[in-house]
Amino acid sequence: MAKIQMKTPLVEMDGDEMTRIIWQQIKDILLNPYIDLKTEYYDLGLEHRNETNDQVTIDSANATKKYGVAVKCATITPNAARMTEYNLKEMWKSPNGTIRAILDGTVFRTPIIVKGIPPYVRNWTKPISIARHAYGDIYKATEMKVGADCKAELVVTDKNGNETRALIHDFKTAGIIQGVHNLEKSIEGFARSCFNYALDMKMDLWFSSKDTISKTYDHRFKDIFAEIFENEYKEKFEEAGIEYFYTLIDDAVARVIRSEGGFIWACKNYDGDVMSDMVSTAYGSLAMMTSVLVSPDGIYEYEAAHGTVQRHYYNHLKGLPTSTNSVATIFAWTGALRKRGELDGIDELIEFADKLEKACIDTIESGVMTKDLYLISTLENKTQVNTVEFLEAIASRL
Ligand code: NAP
Ligand code: MG
């Protein structure tokens with residue numbers, strides 16, 4: 001059989017620990033036999049980031065800007081323990097943070113649904129994608145404690161020194177204050193990423209905030225979404241047969257729980273932080289959650305939502321068997337290959353991505369699965385397999 005040919009390289013960002021092991025196995029067992037893989041390889045493993053003073057992370061993000069599609073393995077975000085373990089020159093920043101800052105994107109997280117792993121919310125038969133705005137609000141806040149008999153004000157000074165003031169509170173007794181901000185440009189980018197992704201996935205888009213209480217701040221988010229939708233996306237949404245609607249965050253929460261899923265829920269930074277953990281937990285397993293960073297100008301970086309699965313890696317190093325679920329990492333590859341196929345007009349590549357995803361789902365639904373799913377699956381005939389056996393079971397179906 002002739003291998004599928006690619007035109008433009010994928011930006012390949014290798015990573016750390018157990019996911020680095022799986023990364024190679026996925027290529028060997030599931031991809032290389034069928035595709036003449038064309039990638040521009042960047043080693044984001046912590047050792048190489050340290051050697052290059054993290055330049056490799058910046059280079060990989062710039063390459064993604066150039067080619068348009070990347071696939072990323074999970075990477076270690078260093079902490080004090082990692083400084084010693086890897087003898088690091090510096091506590092390098094989170095690669096995901098660095099890449100997000102360069103691509104200016106929004107992260108979409110979507111669960112992979114399989115029979116036998118029922119969500120805790122029983123009517124959720126379709127996936128819910130959470131889109132979290134990743135700039136500003138309380139994540140860039142300035143906070144202060146305020147003593148008794150103090151007046152706190154907001155003061156904005158323009159370039160000519162003119163001040164605009166607003167009273168926050170006249171404190172008779174002690175209290176606390178917080179100053180937060182956001183940028184129109186960032187909110188616009190967030191909105192466009194969400195509209196583009198909804199068109200891409202052919203799913204409705206919901207956006208929620210608290211504009212009834214926050215009449216200027218949250219209201220500005222609501223208005224920016226509405227303006228961009230009216231001017232740039234309304235017709236495209238009609239053609240695609242999908243909807244955009246805005247609702248209050250508390251109404252959204254109630255509707256989400258009652259829904260059958262099958263939509264994208266765009267959230268402000270804090271709401272997205274909290275709701276994405278709730279939604280992903282309710283779908284059952286972190287190992288079945290995909291993640292894609294979409295920039296406002298349509299650049300895509302695919303990855304798994306989980307980390308490097310350190311505990312399994314240490315067992316692997318000791319020669320002990322591991323049962324690590326590779327599905328989210330495989331879906332990062334299929335997402336990237338499908339997108340490359342769409343952009344370059346390679347139908348075989350799109351079909352391959354569809355078939356590989358189906359092979360993963362069929363494998364699990366036939367009862368062959370890794371330990372994380374084995375523990376929660378409701379199937380009667382189920383078998384727990386190790387990391388490589390699972391990939392081989394997928395390969396035999398593929
Ligand atoms: P983790 O790698 O997501 O793993 C946490 C636990 O979740 C594992 O110990 C395992 O549970 C389970 N798990 C996660 N993925 C699994 C999979 N594919 N198959 C089976 N079980 C899975 O999180 P962590 O251990 O807190 O973090 C490890 C490293 O990953 C850290 O250095 C962190 O910086 C990094 N990280 C990177 C990213 C990223 O690159 N996007 C995201 C998060 C964390 P059991 O041990 O009970 O089997
Ligand atoms: Mg969080």
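Whatever order the structure lists ligands and atoms in, that order sets their numbers, starting from 1. For clarity, every value in this text was computed on a predicted model and none was experimentally measured.
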**Message:** Can you tell me which residue among Phe225, Phe229, Phe195, Phe245 is in a ring pair (Phe, Tyr, Trp, His ring centres under 6.0 Å) with Phe207?
**Reply:** Phe225
**Message:** With a 6.0 Å cut-off on the ring centroids, do Tyr135 and His181 count as close?
**Reply:** yes
**Request:** Return the orientation label for the Tyr313 and His316 ring planes: parallel under 30°, perpendicular over 60°, tilted otherwise.
**Result:** parallel
**Request:** Please examine the side chains of Gln25 and Thr387, heavy atoms only from C-beta on, and report whether any two atoms are closer than 4.5 Å.
**Result:** yes
**Message:** Using ring centroids (six-membered ring only for Trp), state whether Tyr244 and Phe237 fall under 6.0 Å.
**Reply:** no
**Request:** With a 4.0 angstrom cut-off on heavy atoms, strictly below it, pick out the residues next to ligand 1 and order them by chain and number.
**Result:** Lys72, Ala74, Thr75, Ile76, Thr77, Arg82, Asn96, Leu286, Ala287, Glu303, His306, Gly307, Thr308, Val309, Arg311, His312, Thr324, Asn325, Asp372
**Message:** Between Thr75 and Arg49, do the side chains contain a donor N or O and an acceptor N or O under 3.5 Å apart?
**Reply:** no
